[in-house]
Number of protein chains: 2
Amino acid sequence: MKTTRNTAAKTAVLEVLEKSKTALSHTEIHKQLNDLCDRVTIYRILDRLINEDIIHKISNLDGTVKYAKCHHLHQRVHIHNHAHFSCENCHEITCLENVKPSYIMPHNYKVNEINFTLSGLCPNCLNSNI
Amino acid sequence: MKTTRNTAAKTAVLEVLEKSKTALSHTEIHKQLNDLCDRVTIYRILDRLINEDIIHKISNLDGTVKYAKCHHLHQRVHIHNHAHFSCENCHEITCLENVKPSYIMPHNYKVNEINFTLSGLCPNCLNSNI
DNA sequence: AAATTAATGCAACAATGTTGCGATTGATAA
DNA sequence: TTATCAATCGCAACATTGTTGCATTAATTT
Ligand SMILES: [Mn+2]
Ligand SMILES: [Mn+2]
Ligand SMILES: [Zn+2]
Ligand SMILES: [Zn+2]
């Protein structure tokens, strides 16, 4: 089996995601790293972190893709079943760890993953009544 | 206010979406139209159809964006609050008009739109036990 | 039929993501 | 510590997807 290595770039990417309150896009991460490593390297690191279940990917209605650190403690296998909120004004995407949709599926489907993203106005932008 | 026109291309795009059992990507629509119109025109038509609430856009975890016709009858304003299923094997995306998530949001958010996409194996692919 | 302007085609561009390959480096064993 | 070797990286090249400006075409109204 393939073993995974802790490289400077991987550590840096993870640190950026850890410090961020909102989910970040590839480009945002790249900017924050300030040319510590190549664009392509970041894509590959993100892929690895997802496979290792350390971060998760969030895909937004407008086509944006963002990444956030997982906050579930020590669970080996898990589904990212919480909701995400995407603000139409400030374009920030945040994990709503406590919002989990309930739903009833037809029996003949096998669900492996869910993506539940809500969009509208976040508390910040709602207050500044845009 | 801007009035909207019924053009040959628009009619054709809508027809393709009407006939399809699954949601289609821009590229898939373009191929089916067989150079009836330009790529760019299709993007613009899709935008218009979305504004007119005739079709809706579905964004998948893998970054794919697809479009499907709305099947709600005569509702003026509506939210596309049904789920979509994205098959990891055949990559088809279908509307699950009857699956609607229920969830509880914190009060300080204003939700305008939701995107609820489940992925896994569709009935077809599940049967052919891949 | 003429006028108005929404819609189109085309070219050019931007953003995002992927692939191949030779060079580098982290982890492990000698 | 040093040698080893595969995982990771950098770079260049490419693919896909979506956007914009502008001159031209065509749908709708009068
Ligand atoms: Mn999350
Ligand atoms: Mn649908
Ligand atoms: Zn906001
Ligand atoms: Zn399938």
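Note that the structure is predicted; figures quoted are calculated from it, not measured. Residue numbers start from 1 in every chain, and the chains themselves are labelled A, B, ... in the order their sequence lines are given, proteins ahead of strands. The basis for the numbers below is simple: all heavy atoms, side chains too, and nothing from hydrogens, waters or symmetry mates.
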For [X] and [N], what is the distance between atoms [atom1] and [atom2] respectively, to the nearest whole Å?
X	N	atom1	atom2	answer
B/Asp62	D/dT16	CG	P	15 Å
B/Leu61	C/dG17	CG	P	13 Å
B/Lys10	C/dA7	NZ	P	7 Å
A/Leu46	D/dC9	CG	P	11 Å

For A/Asn60 and A/Ser86: C-alpha separation, side-chain torsions, deciding distance, then whether side chain to side chain donor-acceptor pair (under 3.5 Å) applies. CA-CA 7 Å; A/Asn60 201 37; A/Ser86 162; 2.9 Å; yes

Thinking salt bridges, do B/Lys19 and B/Glu15 make one under a 4.0 Å N-O criterion? yes

If you measure from the Lys or Arg side-chain nitrogens to the Asp or Glu carboxylate oxygens, is any gap between B/Lys66 and B/Glu28 under 4.0 Å? yes

For B/Ala9 and for A/Thr4, find the nucleotide of DNA chain C with the closest heavy atom, then tell me which residue's nucleotide is more 5'. B/Ala9

Would you work out how much the helix from C/dA1-D/dT30 to C/dA30-D/dT1 bends between its ends, with each end axis defined by five base pairs, to 10 degrees? 40°

Nearest heavy-atom neighbours spanning B/Leu121 and B/Cys87: CA-SG, 4.1 Å

Checking D/dC9, D/dA7, C/dA27 against the side chain of A/Thr3 (C-beta onward), the nearest is D/dA7

Polar contact flag, side-chain donor to acceptor under 3.5 angstrom, A/Thr4-A/Lys10: yes

Is there a donor-acceptor contact under 3.5 Å linking the side chains of B/Asn112 and B/Lys110? yes

Proximity to DNA chain C (any heavy atom under 4.0 Å), residues of residues 30-44 of chain A only: A/Arg39, A/Val40, A/Tyr43, A/Arg44

Tell me what B/Ala8 touches on the nucleic acid: a base, only sugar-phosphate, or nothing, going by heavy atoms under 4.0 Å. nothing

Under a 4.0 Å heavy-atom cut-off, which of residues 17-27 of chain B touch DNA chain D? B/His26, B/Thr27

Under 4.0 Å between a side-chain N or O of A/Thr7 and OP1 or OP2 of C/dT24? no

Could you check A/Phe116, A/Phe85, A/Tyr103 and say which one makes a ring-ring contact (aromatic ring centres under 6.0 Å, His included) with B/Tyr103? A/Phe116

Measure the acute angle between the ring planes of A/His84 and A/His82, then classify it against the limits of 30° and 60° as parallel, tilted or perpendicular. perpendicular

Please find out if less than 6.0 Å separates the ring center of A/His56 from that of A/Tyr67. no

Please evaluate residues A/Ser102 and B/Ser102 with respect to the criterion side chain to side chain donor-acceptor pair (under 3.5 Å), reporting the C-alpha separation (whole Å), side-chain torsions for both, the decisive distance (0.1 Å), and the verdict. CA-CA 5 Å; A/Ser102 58; B/Ser102 58; 2.8 Å; yes

Taking the nucleotide of DNA chain D with the nearest heavy atom to each, does B/Asp47 or B/Arg5 sit closer to the 5' end? B/Asp47

